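One structure below.
Quantities reported herein were computed from a predicted structural model and do not represent experimental measurements. Quick note: residue numbers are just sequence positions, from 1.
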Amino acid sequence: MPVTSTILGLMSGTSLDGLDLACVRFTRNGESFSYKVLAAETVPYSALWQQRLRALHNTDAHTFARTHTDLGRLFAELSLDFCKRNHLHPEYISSHGHTVFHNPAAGYSVQAGHGAVIAAVSGIPVICDFRSLDVALGGQGAPLVPIGDALLFDDYDCCLNLGGIANLSIKDQAGQMRAWDVCPANMVLNKLVEPLGLEYDDAGKMARSGNLNTGLLHTLNEPAFFKSAPPKSLGREWVEHEVFPVLHNSFLNVACKLRTYTEHIALQLARSLQNQPGGTMLISGGGAFNTFLVERIQAALGSAWQAAAADKQTTAFKEAIVFALLGMLRVTESINTPASVTGARKDSCGGCIYLP
């Protein structure tokens with residue numbers, strides 16, 4: 001018999017643009033999944049919340065604990081308002097939280113936005129903390145979206161998410177899902193335009209106007225991460241150490257930095273897929289709306305890959321949709337973190353459940 005669940009997925013990404021909410025009705029029939037998005041929207045963070053989250057990794061333990069709690073309360077209040085306005089009654093809230101620390105080599109990945117607080121304030125059961133079990137099992141704890149690519153978007157040969165960090169998922173010749181973080185994306189592009197008072201480079205227009213600098217491109221491509229084999233993942237810490245200083249020390253103008261970094265993203269994606277046979281690629285995430293970035297990616301990939309855009313809702317909210325799916329898999333005690341993706345010792349069913 002088909003099993004149906006309605007779950008509200010919450011996603012807060014490294015680009016700090018806001019909280020994505022997607023209420024999704026899933027139907028599971030054996031190993032087959034289908035879904036319908038009942039409502040979805042992004043609630044922008046206030047300037048104060050952007051400031052708190054941007055500085056959180058450099059604060060003391062008391063400030064972290066307070067922010068962890070306050071963010072959980074904010075998530076709950078935004079969820080309740082969203083559900084009320086859209087006449088929704090989700091069975092669960094499935095929250096990614098906001099990543100503050102990600103260092104799987106040292107055995108931890110920490111997301112703010114306390115699940116217990118979300119549950120207590122909203123009155124709705126909450127699933128959260130999806131990365132910790134996989135990291136404890138020796139995995140990267142990332143990326144987590146590939147299970148959704150396998151179960152919901154398997155019509156495509158490859159899925160590319162252009163969020164704060166760009167990541168790929170693809171099935172190998174044995175039919176196993178493989179996925180990895182490729183390089184920082186929007187978190188760098190957005191950072192470059194911050195001094196201009198902009199949140200992002202609209203459609204990549206400023207990058208298109210700049211000139212490519214081969215010297216900077218070479219430096220951006222140098223880090224050992226790009227030569228290492230998957231599984232692998234990236235966090236804010238790596239970006240602040242390896243990328244931001246290089247761009248800060250460059251005397252190029254913003255347009256040329258954007259142009260060069262856009263080419264860096266495209267080149268790293270092409271290198272990541274150079275041993276793959278090609279096919280159709282689903283592009284999602286905020287970067288999918290960056291026309292110039294998508295053009296450069298397609299040019300770097302060549303004719304072997306055909307980039308395909310999903311509908312606007314899926315493109316913008318795919319991660320929130322997939323985190324809702326991760327919650328459903330956790331509730332039904334099904335695998336939601338494949339070891340073939342993360343490099344853990346075994347597949348796992350990650351996530352903590354808080355009952356209000």
Side-chain angles (χ1 to χ4, degrees), residues 9-21 41-82 93 95-103 108-118 120-122 126 128-129 131 142 162-166 184-202 206 234-250 254 257-258 261 285-287 289-290 316-317 319-320 323:
L10 307 182
M11 177 65 197
S12 177
T14 50
S15 55
L16 279 173
D17 52 351
L19 180 68
D20 291 342
L21 304 97
E41 70 177 53
T42 299
V43 180
Y45 285 125
S46 66
L48 178 59
W49 264 112
Q50 285 188 341
Q51 182 181 353
R52 289 182 72 178
L53 293 176
R54 190 174 288 116
L56 191 53
H57 64 284
N58 284 323
T59 57
D60 58 78
H62 292 285
T63 303
F64 176 85
R66 176 63 183 270
T67 306
H68 185 38
T69 298
D70 289 350
L71 189 62
R73 184 172 293 107
L74 176 68
F75 284 177
E77 291 169 351
L78 293 177
S79 297
L80 286 173
D81 178 64
F82 174 74
I93 294 173
S95 175
H96 169 267
H98 186 83
T99 299
V100 182
F101 304 107
H102 181 71
N103 191 343
Y108 62 87
S109 182
V110 180
Q111 286 71 44
H114 207 313
V117 177
I118 302 174
V121 174
S122 70
V126 169
C128 60
D129 191 20
R131 302 186 188 274
L162 291 172
I165 292 170
N186 295 340
M187 67 184 301
V188 175
L189 296 174
N190 294 353
K191 182 75 171 178
L192 285 171
V193 299
E194 268 183 17
L196 305 178
L198 301 174
E199 293 184 7
Y200 56 90
D201 178 16
D202 183 26
M206 194 177 301
L234 290 167
R236 170 197 47 76
E237 300 91 332
W238 187 91
V239 184
E240 291 181 347
H241 184 266
E242 298 285 350
V243 180
F244 288 156
V246 171
L247 294 169
H248 178 74
N249 293 331
S250 170
V254 173
K257 289 180 182 179
L258 287 166
Y261 198 81
F289 299 107
N290 185 328
F317 296 100
E319 286 188 293
F323 272 95

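Closest of all the heavy-atom pairs between Glu240 and Pro245 is O-CD, 3.1 Å. Summarising the geometry of Ala166 relative to Ala185, their closest heavy-atom pair is N-CB, 3.9 Å, with the distance given to 0.1 Å. Heavy atoms only, all atoms of each residue included: Leu189 and Leu258 are closest at O-CD2, 3.7 Å. Listed here is the closest heavy atom pair of Ser122 and Ala76: N-CB, 4.1 Å. When all heavy atoms of Phe323 and Leu10 are compared, the pair lying nearest together is CB-O, 4.4 Å. Nearest heavy atoms, Glu199 versus Val193: C-CG2, 4.0 Å.
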Quiz item: Does the side-chain contact (heavy atoms from CB on, under 4.5 Å) test come out yes or no for Thr99 and Arg131, once each step is laid out?
Solution: CA-CA 10 Å; Thr99 299; Arg131 302 186 188 274; 4.2 Å; yes

Exercise. Mind running side-chain contact (heavy atoms from CB on, under 4.5 Å) on Asn290 and Leu162 for me, showing each step along the way?
Key: CA-CA 9 Å; Asn290 185 328; Leu162 291 172; over 6 Å; no

Quiz item: After noting the C-alpha distance and the side-chain angles of Arg73 and Thr69, does the key distance pass the side-chain contact (heavy atoms from CB on, under 4.5 Å) rule?
Solution: CA-CA 6 Å; Arg73 184 172 293 107; Thr69 298; 4.1 Å; yes

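Under the 3.5 Å distance criterion, the side-chain polar atoms of Arg236 are matched with a main-chain donor or acceptor of Val100. Judged by distance alone, the side chain of Lys191 and the main-chain N or O of Phe244 form no donor-acceptor pair under 3.5 Å. Checked by atom type and distance alone, the side chain of Ser250 never pairs as donor or acceptor with a backbone atom of Val246 at under 3.5 Å.
The ring-ring contact (aromatic ring centres under 6.0 Å, His included) test applied to His98 returns no partner, not counting sequence neighbours. For Glu242, there are no side-chain hydrogen bond (donor to acceptor under 3.5 Å, both in side chains) partners at least two apart in sequence or on another chain. For the ring-ring contact (aromatic ring centres under 6.0 Å, His included) test, no residue two or more places apart in sequence or in another chain qualifies with Trp49. With sequence neighbours excluded, the residues forming a side-chain hydrogen bond (donor to acceptor under 3.5 Å, both in side chains) with Asp20 are Thr42, listed by chain and number. Legend: residues meeting side-chain contact (heavy atoms from CB on, under 4.5 Å) with Leu78, ordered by chain and number and at least two apart, are Leu19, Val43, Leu74. Every residue two or more places apart in sequence or in another chain was checked for a ring-ring contact (aromatic ring centres under 6.0 Å, His included) with Phe75, and none qualifies. Evaluation of the side-chain contact (heavy atoms from CB on, under 4.5 Å) rule for Phe289 yields Lys312, Thr315, Ala316 as partners, not counting sequence neighbours. Residues meeting the ring-ring contact (aromatic ring centres under 6.0 Å, His included) test with Phe317, sequence neighbours left out: none. Judged as a side-chain contact (heavy atoms from CB on, under 4.5 Å), and not counting sequence neighbours, the contacts of Asp202 are Tyr200, Lys205. Residues satisfying the side-chain hydrogen bond (donor to acceptor under 3.5 Å, both in side chains) test with Thr67, not counting sequence neighbours, are Arg52. Scored by the side-chain contact (heavy atoms from CB on, under 4.5 Å) test, Asn58 finds no partners at all (sequence neighbours excluded).
At a threshold of 4.5 Å between non-hydrogen side-chain atoms, the residues Met206 and Leu196 count as touching. In this structure, Gln111 and Cys128 have side chains that are not in contact, with every pair of non-hydrogen atoms separated by 4.5 Å or more. Within the 4.5 Å cutoff, no side-chain heavy atoms of Leu198 are placed close to those of Glu194. In this structure the side chain of Asp17 never reaches within 4.5 angstrom of the side chain of Tyr45, judged on heavy atoms. Within the 4.5 Å cutoff, no side-chain heavy atoms of Val254 are placed close to those of Pro195.
Taking a 6.0 Å sphere around CZ of Arg54, one finds it holds more than 12 heavy atoms contributed by other residues, nucleotides or ligands. The local environment of CD in Glu237 is crowded, with over 12 non-hydrogen atoms from other residues, nucleotides or ligands closer than 6.0 Å.
Here the options are Leu71, Ile118, Leu21, the test is side-chain contact (heavy atoms from CB on, under 4.5 Å), and the partner is Ser95; only Ile118 passes.
The stretch residues 50-73 participates, sequence neighbours left out, in these ring-ring contact (aromatic ring centres under 6.0 Å, His included) pairs: Phe64-His68, His68-His114.
Interatomic distance, Met187 CE to Leu192 CG, rounded to the nearest 0.5 Å: 11.5 Å.
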